[in-house]
Trainee: 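One structure coming up, written as structure tokens, with questions to follow.
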Amino acid sequence: MNIQTNIPLSTLTTMRIGGNADRVVNVTSEEELQQAYKNSKELEQPIYIIGDGSNLIVHDEGFAGVIIRIKIMGIDIIDENQETTTVNSGAGETWDVFVKQMVERNLSGIETMSGIPGTVGAAPVQNIGAYGQELADTFVSLRAYDTQSDDFVTLKKEDCGFAYRHSIFRGEQAERYIITHVTLALSKQPPQPPFYDALQQHLAQQQINIANVTVQIIRDAVIAIRSNKLPDPNQLPNAGSFFKNPIVPLQLGETLKASYPDIPIYPVDGMRVKIPAGWLIQSCALKGRILHGIKVHDGNAVVLVNHSAQGYTDLAAARKKITDSVYQKFKITLEQEPLEL
Ligand code: EPU
């Protein structure tokens, strides 16, 4: 177990904002995790779990407690039949390293989630998704340390309460479970059309026959599309989509369509529709603008880039300007997507 003290959380999060944590503990096994958790409890220190910090916003005050970073590694095939391969990954593995390995094995189900920053263990927390796939689609179960019972438990898909960018791990059971392993069932079938619009268009431009694509072709296409739209956090600090795409009543969607014929609207169920937050923000003429050192990304206005912010206060001021503008124009309240510490 590796322990460091007084670590700036700006260095452990991709938004590069946030004050110091008293202690940061890296754990590489379930035993170390249990020990680190118990030690911190005994010292009555607050505890917070992070992976790669790519979906986390930290306040300028930092965290007067212990940050536990999950570094549990290992990717293993645990079951296989004619159609499916079941694979188990340590929560500390980098998500995209995992995707790359699965694509190299010709396994399908997560290839359109190529290039998403963060760890495997963080993926279920917000039920990551992109270009037509979300984690819940292939998810079988996960193993977690249950801080209430001081025991390791297995949670099946139906236990996790997955929804759009949501699960029990950021909802009703937030901070109860610490995810150590994730198990997915991936398909041996090649990807089947129809694909997400942007993907289909990209493949057409490349003159690739969509009836005959491999997982590697889809992975390459997604990486190309992302590189045009989404900033690389290593170059431009950001936390991915800063807002969730709002889900609104169908009737509001229809009213907005009448006033703004080019508004993209996606059905959720018979009663509700989803509207891209990026479109709403762009329509308020905010795309490319720098507000309090925070830049509304040119490629997709749902992403906020830390251009030159002095800290969380600047980010909060920029967020307020954006959410106020969208509310004034559309009467829709944008909800923040990354977690906040
Ligand atoms: N759009 C605009 N302006 C913008 C952004 C989007 O007009 O600034 C329009 C696009 O033209 C398109 C529609 O909105 O018609 C949807 O855009 P896009 O396909 O780029 O996806 P998104 O809804 O903006 C979501 C996810 C992304 C994910 C993409 C692709 C959320 C909050 N974001 O973005 O996820 O990569 O779909 O599936 O659901 C993330 O979660 O961090 C993330 C990047």
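Throughout, numbering of the chain's residues begins at 1 and tracks the sequence. This structure is a prediction, so every number in the text was calculated from the model and none was measured. Keep in mind that the numbers below use all heavy atoms, side chains included, and drop hydrogens, waters and symmetry copies. We count ligands from 1, going down the list as the structure has it; atoms in each ligand are counted the same way.
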Trainee: List, one per line, each side-chain donor-acceptor pair under 3.5 Å for residues 88-101, sequence neighbours excluded.
Mentor:
from   : atom 1 : to     : atom 2 : distance (Å)
Asn88  : ND2    : Thr183 : OG1    : 2.8
Glu93  : OE2    : Gly74  : N      : 2.6
Trp95  : NE1    : Met113 : O      : 2.9
Asp96  : OD1    : Gly115 : N      : 2.8
Asp96  : OD1    : Arg219 : NH1    : 2.8
Asp96  : OD2    : Arg219 : NH2    : 3.1
Lys100 : NZ     : Glu104 : OE2    : 3.0

Trainee: Do the side chains of Asp146 and Arg176 get close enough for a salt bridge, i.e. N-O under 4.0 angstrom?
Mentor: yes
Trainee: Using a cut-off of under 3.5 Å, which N/O atoms of ligand 1 pair up with protein N/O atoms, and what distance separates each pair?
Mentor:
from     : atom 1 : to     : atom 2 : distance (Å)
ligand 1 : 3 (N)  : Gln282 : OE1    : 2.5
ligand 1 : 7 (O)  : Gln282 : OE1    : 3.3
ligand 1 : 8 (O)  : Gly278 : O      : 3.4
ligand 1 : 8 (O)  : Gln282 : OE1    : 3.3
ligand 1 : 8 (O)  : Lys287 : NZ     : 3.2
ligand 1 : 8 (O)  : Ala301 : N      : 2.8
ligand 1 : 19 (O) : Tyr196 : OH     : 2.8
ligand 1 : 20 (O) : Lys229 : NZ     : 3.1
ligand 1 : 20 (O) : Asn300 : ND2    : 3.3
ligand 1 : 23 (O) : Asn245 : ND2    : 2.8
ligand 1 : 24 (O) : Asn300 : ND2    : 2.9
ligand 1 : 33 (N) : Ser241 : OG     : 3.0
ligand 1 : 35 (O) : Arg165 : NH2    : 2.9
ligand 1 : 38 (O) : Tyr131 : N      : 2.6
ligand 1 : 39 (O) : Tyr164 : OH     : 2.7
ligand 1 : 39 (O) : Arg165 : NH2    : 3.4
ligand 1 : 39 (O) : Asn245 : ND2    : 3.4
ligand 1 : 41 (O) : Arg165 : NE     : 3.2
ligand 1 : 41 (O) : Arg165 : NH2    : 2.8
ligand 1 : 42 (O) : Ser241 : N      : 2.8
ligand 1 : 42 (O) : Ser241 : OG     : 3.4

Trainee: Looking at residues at least two apart in the chain, or sitting in another chain, which of them share a side-chain contact (heavy atoms from CB on, under 4.5 Å) with Ile3?
Mentor: Met1, Arg23, Val25
Trainee: Find the distance between CG (Leu291) and NZ (Lys320) and round it off to the nearest 0.5 Å.
Mentor: 13.0 Å
Trainee: Cation over ring, Lys274 on Tyr164, under 6.0 Å and within 45°?
Mentor: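 That pair qualifies as a cation-pi contact.
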Trainee: Could you tell me which residues satisfy salt bridge (Lys or Arg N to Asp or Glu O under 4.0 Å) with Asp151, sequence neighbours excluded, listed by chain and number?
Mentor: none
